[in-house]
Amino acid sequence: MLPSISLLLAAALGTSAHYTFPKVWANSGTTADWQYVRKADNWQNNGFVDNVNSQQIRCFQSSHSPAQSTLSVAAGTTITYGAAPSVYHPGPMQFYLARVPDGQDINSWTGEGAVWFKIYHEQPTFGSQLTWSSNGKSSFPVKIPSCIKSGSYLLRAEHIGLHVAQSSGAAQFYISCAQLSITGSGSTEPGANYKVSFPGAYKASDPGILININYPVPTSYKNPGPSVFTC
């Protein structure tokens, strides 16, 4: 498969302004890059996805490959997703989970269909400009909902760079998916109203994707995707 235009552009412009999400860890420890995270297509050039209808919008993989291993975590605990080198652009950080169907192998499951539910999205601070707490950071804590059913899950990390998003197709999506084994006694399965598919969840014209954050400075922001699921 030919590389996407965004990957070629990243290679041409250099990688200093771009980033990956290659690691996830629990407790106070860190892990090796791509140990628990499926290796994304931008692992060498830090490129981005710019087409919300691309298969890459799911886990930034043009062909499926599993992570080296799966991280075991308890529901209700907070784990950390790491960026490399750090998030450089203004825009929201978002996290989704998708439960692997019983009887299927997480290493071969690709996350197709309306199986993804959002567990976090970031809102900006409003003022003379929009500011995002994720900008400049390299680690992002995310709490696993305490009530969800145990099982194998994919955790999708997504940062949307909005610095030039006033043109359709110009928002930059930095994405990867980690493999988790979630333990606990919860029994909740989020309803269909919380679940979306990738591609399918976003349109290029969504107001949280096609937006001029520079002028006039917005006084509100609507995150793309469904509402955040809470227990």
Side-chain angles (χ1 to χ4, degrees), residues 1-4 6-7 20-26 30-49 51-75 77 79-84 94-120 140 142 144-145 148-159 173-192 194-202 225-226 229:
M1 180 176 291
L2 293 174
S4 70
S6 62
L7 292 179
T20 65
F21 288 97
K23 63 177 65 178
V24 63
W25 63 90
T30 59
T31 57
D33 289 358
W34 314 112
Q35 180 178 353
Y36 299 117
V37 178
R38 295 180 172 182
K39 184 175 283 188
D41 290 350
N42 67 340
W43 70 278
Q44 287 183 306
N45 62 18
N46 294 6
F48 53 86
V49 179
N51 181 357
V52 297
N53 297 312
S54 165
Q55 291 297 317
Q56 290 177 311
I57 200 68
R58 185 183 304 140
C59 289
F60 210 157
Q61 290 189 315
S62 51
S63 60
H64 171 70
S65 62
Q68 298 175 35
S69 52
T70 298
L71 179 65
S72 180
V73 297
T77 60
I79 61 176
T80 305
Y81 221 116
Q94 307 200 132
F95 288 100
Y96 290 80
L97 281 172
R99 189 175 187 274
V100 180
D102 292 335
Q104 294 197 36
D105 183 358
I106 192 171
N107 290 307
S108 58
W109 192 63
T110 59
E112 294 183 20
V115 293
W116 298 90
F117 58 98
K118 188 190 289 183
I119 60 172
Y120 172 80
F140 301 90
V142 54
I144 304 300
I148 60 174
K149 293 172 64 174
S150 61
S152 298
Y153 284 80
L154 295 181
L155 173 62
R156 179 179 178 274
E158 170 189 82
H159 184 262
F173 295 82
Y174 298 87
I175 304 162
S176 71
C177 291
Q179 296 185 183
L180 305 181
S181 175
I182 297 178
T183 61
S185 58
S187 59
T188 300
E189 177 76 22
Y194 285 105
K195 292 184 177 180
V196 295
S197 61
F198 289 102
Y202 301 158
F229 168 79

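The shown structure was predicted, so the numbers you read here are calculated from the model rather than taken from an experiment.
Considering all non-hydrogen atoms of both residues, Leu71 and Ala26 come closest at CD2-N, 4.3 Å. When all heavy atoms are compared, the tightest approach of His64 to Asn107 is NE2-O, 2.7 Å. The minimum heavy-atom distance linking Ala74 with Thr183 is given by the pair CA-OG1, 3.4 Å. The shortest heavy-atom contact between Tyr36 and Thr70 is CD2-C, 3.6 Å. The shortest non-hydrogen separation linking Pro22 to Gly82 is CD-O, 3.2 Å. Nearest heavy atom pair, residue Phe173 against residue Phe60, reads O-CE1, 4.3 Å.
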Evaluate the side-chain contact (heavy atoms from CB on, under 4.5 Å) criterion for residues Lys195 and Glu189: first the C-alpha distance (whole Å), next the side-chain angles of each, then the deciding distance (0.1 Å), finally the verdict. CA-CA 10 Å; Lys195 292 184 177 180; Glu189 177 76 22; 2.4 Å; yes
Audit row: Tyr120, Phe140, side-chain contact (heavy atoms from CB on, under 4.5 Å) steps and yes/no: CA-CA 11 Å; Tyr120 172 80; Phe140 301 90; over 6 Å; no
Stepwise side-chain contact (heavy atoms from CB on, under 4.5 Å) test for Gln55 and Val49: CA-CA 10 Å; Gln55 291 297 317; Val49 179; over 6 Å; no
Please test Leu180 against Ile79 for side-chain contact (heavy atoms from CB on, under 4.5 Å), starting from the C-alpha separation and ending with a verdict. CA-CA 11 Å; Leu180 305 181; Ile79 61 176; 4.1 Å; yes
Take Glu158 and Lys118 through the salt bridge (charged side-chain N to carboxylate O under 4.0 Å, His left out) test and state the conclusion after the steps. CA-CA 11 Å; Glu158 170 189 82; Lys118 188 190 289 183; over 6 Å; no
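The aromatic rings of Tyr81 and Phe95 lie tilted to each other, with the angle between the two planes from 30° to 60°.
How far OG of Ser152 is from CD of Gln104: 10.5 Å, rounded to the nearest 0.5 Å. In this structure, CG on Leu154 lies 4.5 Å from CZ on Arg38, to the nearest 0.5 angstrom. Residue Leu97 holds its CG atom at 5.5 Å from CD1 of Ile148, rounded to the nearest 0.5 Å. Rounded to the nearest 0.5 Å, atoms CZ (Arg58) and OG1 (Thr110) are 5.0 Å apart. Note: Phe21 CZ to His159 NE2 = 6.5 Å, rounded to the nearest 0.5 Å. One distance of note links OG of Ser69 with CD of Gln179; it measures 8.0 Å at 0.5 Å rounding.
By the 4.5 Å heavy-atom criterion applied to side chains, Tyr153 and Ile144 are not counted as neighbours. Under the 4.5 Å side-chain criterion, counting only non-hydrogen atoms from C-beta, Leu155 is in contact with Ile119. Within the 4.5 Å cutoff, the side chain of Pro66 has no heavy atoms near those of the Asp105 side chain.
The residue from Tyr174, Trp34, Trp43, Phe48 that alone fulfils the side chain to side chain contact (heavy atoms under 4.5 Å, CB included) condition with Thr20 is Trp34. No option in Asn51, Asn42, Asp41 other than Asp41 meets the side chain to side chain donor-acceptor pair (under 3.5 Å) test with Gln56.
No donor-acceptor distance shorter than 3.5 angstrom exists from the side chain of Arg156 to the backbone of Phe117, with no hydrogens or angles considered.
Ring to ring, Tyr96 and Phe198 are close: their centroids are under 6.0 angstrom apart.
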